[in-house]
Each structure stands twice: as structure tokens, then as C-alpha cells.
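A short write-up of the structure that comes next.
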Amino acid sequence: MSQVRVRFAPSPTGFFHIGSARTALFNWLYARHTGGTFILRIEDTDQARNSEAFLKLIYDSLTWLGLDWDEGPDPTGVGERGTFGPYRQSQRGAIYQQYKQKLLEAGRAYEKDGAIWFKLLGERYKIFDDHRKKEVEKVQSGPVLIDDKIRGKVERQEDEDFVIFRSDGNPVFHFVNVVDDITMQVSHIIRGEDHLSNTSKHVRLYEGFGVTPPVFAHIPLILKSPEMGQGKMSKRDKGALIEEYQQRHFLPEALVNYLALLGWNPGDNREKMPSADIVKLFDLPGVNQSNAKFDGRKLANMNMTYLLEQPAERFISLAKAYFAKQPAGAAAMTNDAYFRAVMLMAQPKIKSVDELGAYTGYFFTDDFPIDAKVKEKVMAKGEAKARLAELIAALPAMDFSSDAAIEAGIKTLAESQALGFGDYQAVARLAVSGTNAGPNITGMFRVLGQERVKARLERFLASVA
RNA sequence: GCCCCCAUCGUCUAGCGGCUAGGACAGAUGAUUCUCAUUCAUCAAACCGCGGUUCGAUUCCGCGUGGGGGCACCA
């Protein structure tokens with residue numbers, strides 16, 4: 001059995017979005033599943049729209065997602081891996097000329113209006129095209145049969161010669177795509193369904209070169225979620241860009257897991273799976289035929305479940321990467337032990353890393369905001385001020401060495417007043433953090449330390465007196 | 001306009017002739033927890049329509065309808 005060789009062929013003309021990432025992922029999964037080769041080819045023939053920044057974004061995004069390529073440009077921008085290169089179309093001009101020559105010599109291409117056209121085989125006739133309002137030459141070339149691994153048998157007509165080299169001398173997409181896939185010995189073309197209609201052109205080109213076409217597998221597209229409107233997910237849609245998730249410090253494995261589930265499933269009810277398991281189970285026949293709508297909420301949930309199970313060290317490093325980019329981040333990290341303690345307390349409570357700033361802000365400054373609504377609610381209940389005063393009085397004698405000790409201390413105080421833990425918890429939390437959502441009060445006390453807690457309680461009491 | 005693909009809860013999906021149509025996200029309710037989250041339990045929620053084929057269709061076929069994509073000297 002011949003080796004599986006698949007490729008992902010993006011063009012660096014725009015931001016790297018969800019749809020591209022999913023196509024890359026499916027190719028990568030198939031390569032890894034079959035023990036084949038995953039090729040990255042850069043389709044940078046559109047000189048007007050190309051940019052090095054977008055090229056770098058492709059490397060960065062793939063790397064971040066963990067989709068490593070066996071052949072293709074080196075992400076450093078210098079050199080490349082693999083022996084079928086160059087892997088950037090802008091450097092493959094000579095190959096295209098050579099293949100153009102082949103068609104010309106075989107009588108399968110001709111020049112017209114300064115451009116080179118691919119010549120279909122079959123009887124020719126002229127017909128007036130109502131839509132284009134002009135007479136066009138049609139060719140009865142017979143049906144093209146595509147045996148798609150996902151779609152099944154698809155039949156299409158290709159009945160007009162088409163341009164393969166523009167009059168400015170540049171080859172067009174269909175031509176370079178096919179030539180590259182031939183010369184790179186690509187065995188399976190896994191790409192979006194939007195290319196299904198182009199496939200008949202490609203098949204004709206393969207025939208023109210006398211080459212058996214590879215296996216085609218057209219995967220469903222990712223559509224906008226109902227709130228976003230209709231149609232295909234585009235770069236402008238919220239949540240469409242990989243960069244966005246990177247900046248929000250999502251876990252790449254969560255995004256990969258979610259993306260894998262868009263158009264594919266393992267056949268049982270499993271959803272959350274490590275990448276290794278997906279690689280093991282992924283196969284082309286398991287891919288769906290219908291388009292999927294993007295759901296940011298499910299992605300967010302996936303991200304949360306991954307976040308919850310991260311080992312402490314990984315979570316800390318994620319937190320550090322996040323704080324490094326925050327305005328007051330450096331200040332927050334000056335005391336490493338303190339920073340770690342705060343982060344680990346926050347980990348089981350947050351849904352995404354980018355919530356950390358807001359969630360832990362009061363740990364790193366005494367000048368934190370007090371939520372007015374929460375304040376009103378808490379202060380209206382019982383004799384909050386009295387509870388606060390009692391707590392301040394009891395504080396110096398309390399043992400702050402552990403959560404359990406602090407809990408015992410507050411409970412002892414509560415019992416002495418014939419009250420419950422909760423009578424002190426809410427107001428203490430408000431005084432110390434300014435809000436009602438946060439880690440356990442005992443943990444907060446312990447991490448903040450006795451002095452700071454006392455100061456905050458006193459300051460708050462004074463402010464409401 | 002022409003061509004191609006698709007069709008199960010709001011969303012992602014399981015189902016491959018006979019099922020109380022299953023799971024997950026989101027939603028609702030309740031329980032647990034010092035708050036908030038988490039977690040747990042419960043509830044609500046779908047086979048696009050019409051014709052066939054068949055003893056029997058969500059499942060197979062046709063037609064409609066709906067959704068998506070493609071028809072360039074863009075990629």
C-alpha cells in the first residue's frame with residue numbers, strides 16, 4: 001500500500017480562520033492516523049494580496065494548535081523540510097513552465113488573447129449564454145466522475161476550456177494546485193466542500209497530464225451560528241480567527257478537540273478526548289456530509305473542562321503568559337509564591353484564562369472597586385456592621401496557618417455569638433474583595449494574610465460607618 | 001440563470017427498515033458548597049413537506065421546500 005501524503009495549502013492573504021484550521025486539522029489527523037506525511041504548501045501566487053505577516057500567522061497558528069508538518073517551509077522562514085520542494089508556490093515558477101510546456105506539446109493547451117487555455121477533448125459547438133450575454137464555445141467532453149471519500153460518487157460536466165496562465169504570465173490556482181499535487185505526490189486531497197465544484201476541472205487537468213488523480217475527500221464547511229446570521233463563517237465574524245483564541249489564552253487542545261467534533265465524531269458518545277485518541281479514531285468515512293454551524297458556547301465549555309484538569313504547573317505558566325500581557329501584570333507577578341497561591345485558588349473557579357485579571361484583581365491592589373449592588377444586598381442583611389466589628393476584634397487571636405484553622409476561628413466566633421459561618425462570610429468577602437464571587441473566604445484570608453485582611457476589614461467598616 | 005452538495009432537539013451529533021429517537025452544549029428547576037463557579041439530579045427540546053417502495057419508514061427512491069457552495073485572465 002502506498003504511503004499517504006496529504007497537504008494543507010493556505011494562501012497568506014488574510015487572517016487564519018477557523019475553517020482553515022479545521023481543514024488543516026483533518027489533513028493532519030489523517031496523516032497521523034495513517035502514519036503518512038503532512039505537507040504544508042504555501043499558495044502565495046497572489047502577489048498583490050500576499051504578506052509576510054500573514055505567512056507568519058499561518059506558521060504561528062499551526063504551531064500553536066500543535067499541527068506539526070513533515071514537509072514544507074521551516075517556520076523560522078529559513079529553509080524547508082522535505083525533498084519535494086520548494087514548498088512556496090512563488091518559488092515554483094520553473095516547474096509551472098515545464099508543466100505548461102507538457103500540455104502545449106501534447107496539444108492540450110493553446111494560446112488565446114495572450115493567455116494560455118486548457119483544451120478539453122470533445123465535439124465543439126457555439127451557444128449563446130443568456131446569463132453572460134455572449135456567445136461561448138462549449139465542448140461535449142462527457143461527464144467527470146469523482147469518487148469522493150466523503151461525498152460518494154459525484155458527477156459533473158466540464159464544458160468550457162479554461163485559462164491556466166493569465167495574459168500577465170502568471171498561472172492560475174487550478175493549474176498550480178494540480179501541478180503541485182502531482183509533483184509532491186499527494187495521495188489524498190482533503191479540502192473544503194467549496195472546492196467540490198472545481199474538482200471536475202482538476203480531474204481534467206490530471207488527465208491532461210496523464211496522471212491518475214488522487215483520492216478526493218471534501219469536508220463540510222463551517223457556517224455562522226444562528227446569532228451571527230447566514231452563510232459561511234467569514235473572517236469578519238466574531239470568533240472566526242484563530243489569533244483571537246490565542247490572544248484570549250484558550251487552550252489549543254480544547255480548540256482542537258472542539259474543531260475535530262465539527263463534522264466528525266468517534267462513533268460513540270465521547271466528546272472530550274485527548275488528541276492522541278482522536279488521531280487513533282479519525283478516519284475519512286467518519287466525516288459528516290452536512291455543514292456545521294459554529295457554536296462559541298460549546299467551545300467555551302470545552303475550554304473550561306480542559307482548564308479545570310490542568311496540572312498546577314501548566315496552569316501557572318498559562319496564567320503567567322496571560323499576566324505578562326496585562327497592563328498591571330508585571331506588578332502582580334513580583335511575589336512569585338503569592339502569585340502562585342492566588343492563581344491556584346482561582347483555577348477551579350474560572351472558565352477561561354482571560355478571566356483571571358478581573359477575577360483576582362483585588363489580590364494585587366488595595367484599591368479595588370466595591371460592587372455597589374452586592375454591597376447594598378449584603379449590608380441590608382442582618383447586622384453586617386456588627387459582624388464586621390466582631391470579626392475585626394477576633395482577628396488578632398485567629399490562627400492563619402491553614403484554611404481549616406481559619407474556618408475553625410470563624411466558626412468559634414460565630415458560635416460565641418450564637419450565629420452561623422455564613423453571617424460573617426458574606427460581609428467579610430465584600431470587605432476584602434469588593435464582590436460576592438470568588439474563592440473560598442478561608443483561602444482568601446490565608447493568602448492575603450492576617451495583616452492585610454485586618455486592614456481591609458477596618459477600612460471597609462470605616463467607609464460604611 | 002446554470003451546475004454541485006446537504007437536510008434529526010436552538011447548536012454539535014448518534015441512528016445505517018421495526019428504538020419510549022440516545023448523548024453533549026446552551027436553557028429551566030432542584031440538591032450540594034461559606035459566596036461564586038464546579039459537581040449531581042430532574043425537566044423541556046428534533047426526524048422539513050408530499051408522494052412512492054415495503055408487512056413496516058427518521059432510515060431506501062422521486063419531487064418539492066429549505067440551507068450551503070461553485071460557475072473569473074481570485075485563491
Side-chain angles (χ1 to χ4, degrees), chain A residues 9-14 43-46 48-50 89 112-117 129-132 146 148 150-152 154-160 162-174 176-177 192-201 218 220-223 225-227 230-232 258 261-272 288-302 304-305 308 346-351 355 359 374 378 406-407 410-411 414 420-430 433 435-444:
Chain A
S11 41
T13 54
E43 307 219 332
D44 54 351
T45 52
D46 188 345
R49 292 194 296 153
N50 277 341
Q89 289 185 333
K112 191 177 92 181
D113 305 329
I116 307 293
W117 296 68
D129 186 316
D130 284 335
H131 194 55
R132 280 181 287 180
I146 302 154
D148 193 282
I150 292 167
R151 308 277 147 187
V154 178
E155 191 178 311
R156 252 185 70 85
Q157 295 285 336
E158 204 54 55
D159 60 2
E160 272 180 53
F162 54 90
V163 171
I164 52 174
F165 272 80
R166 288 189 282 270
S167 49
D168 64 5
N170 288 315
V172 307
F173 163 74
H174 304 296
V176 293
N177 202 263
E193 197 226 60
D194 46 345
H195 287 293
L196 186 54
S197 297
N198 291 329
T199 305
S200 48
K201 263 191 191 74
H218 287 91
L221 301 177
I222 299 178
L223 270 30
S225 64
E227 320 68 271
Q230 299 252 296
K232 190 161 71 146
Y258 172 74
L261 259 17
L262 235 42
W264 174 85
N265 68 80
D268 53 29
N269 284 331
R270 283 216 297 164
E271 294 205 329
K272 184 164 172 294
N288 288 122
Q289 302 181 304
S290 47
N291 295 338
K293 293 192 178 75
F294 177 80
D295 184 3
R297 284 174 303 220
K298 187 144 184 168
L299 207 203
N301 176 271
M302 187 67 84
M304 181 194 72
T305 61
L308 284 174
Q347 181 182 6
K349 301 286 194 165
I350 58 163
K351 296 190 170 194
E355 286 176 5
Y359 196 81
V374 174
V378 170
I406 293 167
E407 187 175 350
I410 298 176
K411 276 193 174 151
F421 188 97
D423 292 300
Y424 293 91
Q425 183 274 135
V427 69
R429 173 181 300 282
L430 175 67
S433 75
T435 181
N436 65 342
N440 289 357
I441 192 73
T442 52
M444 287 169 64

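- A:K298 is linked by a side chain to side chain donor-acceptor pair (under 3.5 Å) to A:E271, counting only residues two or more places apart in sequence or in another chain.
- The base of B:rC73 lies close enough to the side chain of A:S167 for a donor and an acceptor atom to sit less than 3.5 Å apart.
- Searching all strands for a Watson-Crick or G-U wobble partner of B:rC40 with both distances below 3.5 Å returns B:rG30.
- Taking the side chain of A:R166 as heavy atoms from C-beta on, and the options B:rC4, B:rC73, B:rG70, the nearest nucleotide is B:rC73.
- Under the ring pair (Phe, Tyr, Trp, His ring centres under 6.0 Å) criterion, A:F165 pairs with A:F175, sequence neighbours left out.
- With distances taken from any side-chain atom of A:V172 to the nucleotides B:rG69, B:rA75, B:rC34, the minimum falls on B:rA75.
- Across all strands shown, B:rU20 forms no Watson-Crick or G-U wobble pair with both distances under 3.5 Å.
- At a cut-off of 3.5 angstrom, counting only N and O atoms as typed in the model, there is no donor on one side facing an acceptor on the other between the side-chain of A:T435 and the base of B:rC36.
- The ring pair (Phe, Tyr, Trp, His ring centres under 6.0 Å) search around A:Y359 returns none, not counting sequence neighbours.
- Closest to the A:A437 side chain, of the nucleotides B:rG69, B:rC73, B:rC36, is B:rC36.
- Here A:K232 pairs with nothing under the side chain to side chain donor-acceptor pair (under 3.5 Å) rule; sequence neighbours left out.
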Pairs under 3.5 Å (N/O, protein and nucleotides 9-13 of chain B):
{"from": "B:rC12", "atom 1": "OP1", "to": "A:K293", "atom 2": "N", "distance (Å)": "2.9"}
{"from": "B:rC12", "atom 1": "O2'", "to": "A:L261", "atom 2": "O", "distance (Å)": "3.1"}
{"from": "B:rU13", "atom 1": "OP1", "to": "A:G263", "atom 2": "N", "distance (Å)": "2.8"}
{"from": "B:rU13", "atom 1": "O3'", "to": "A:N265", "atom 2": "ND2", "distance (Å)": "2.9"}

Grab the N/O contacts between the protein and nucleotides 41-43 of chain B below 3.5 Å, and write none if there aren't any.
none

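- Nearest nucleotide to the side chain of A:R429, out of B:rU38, B:rC73, B:rC34: B:rC34.
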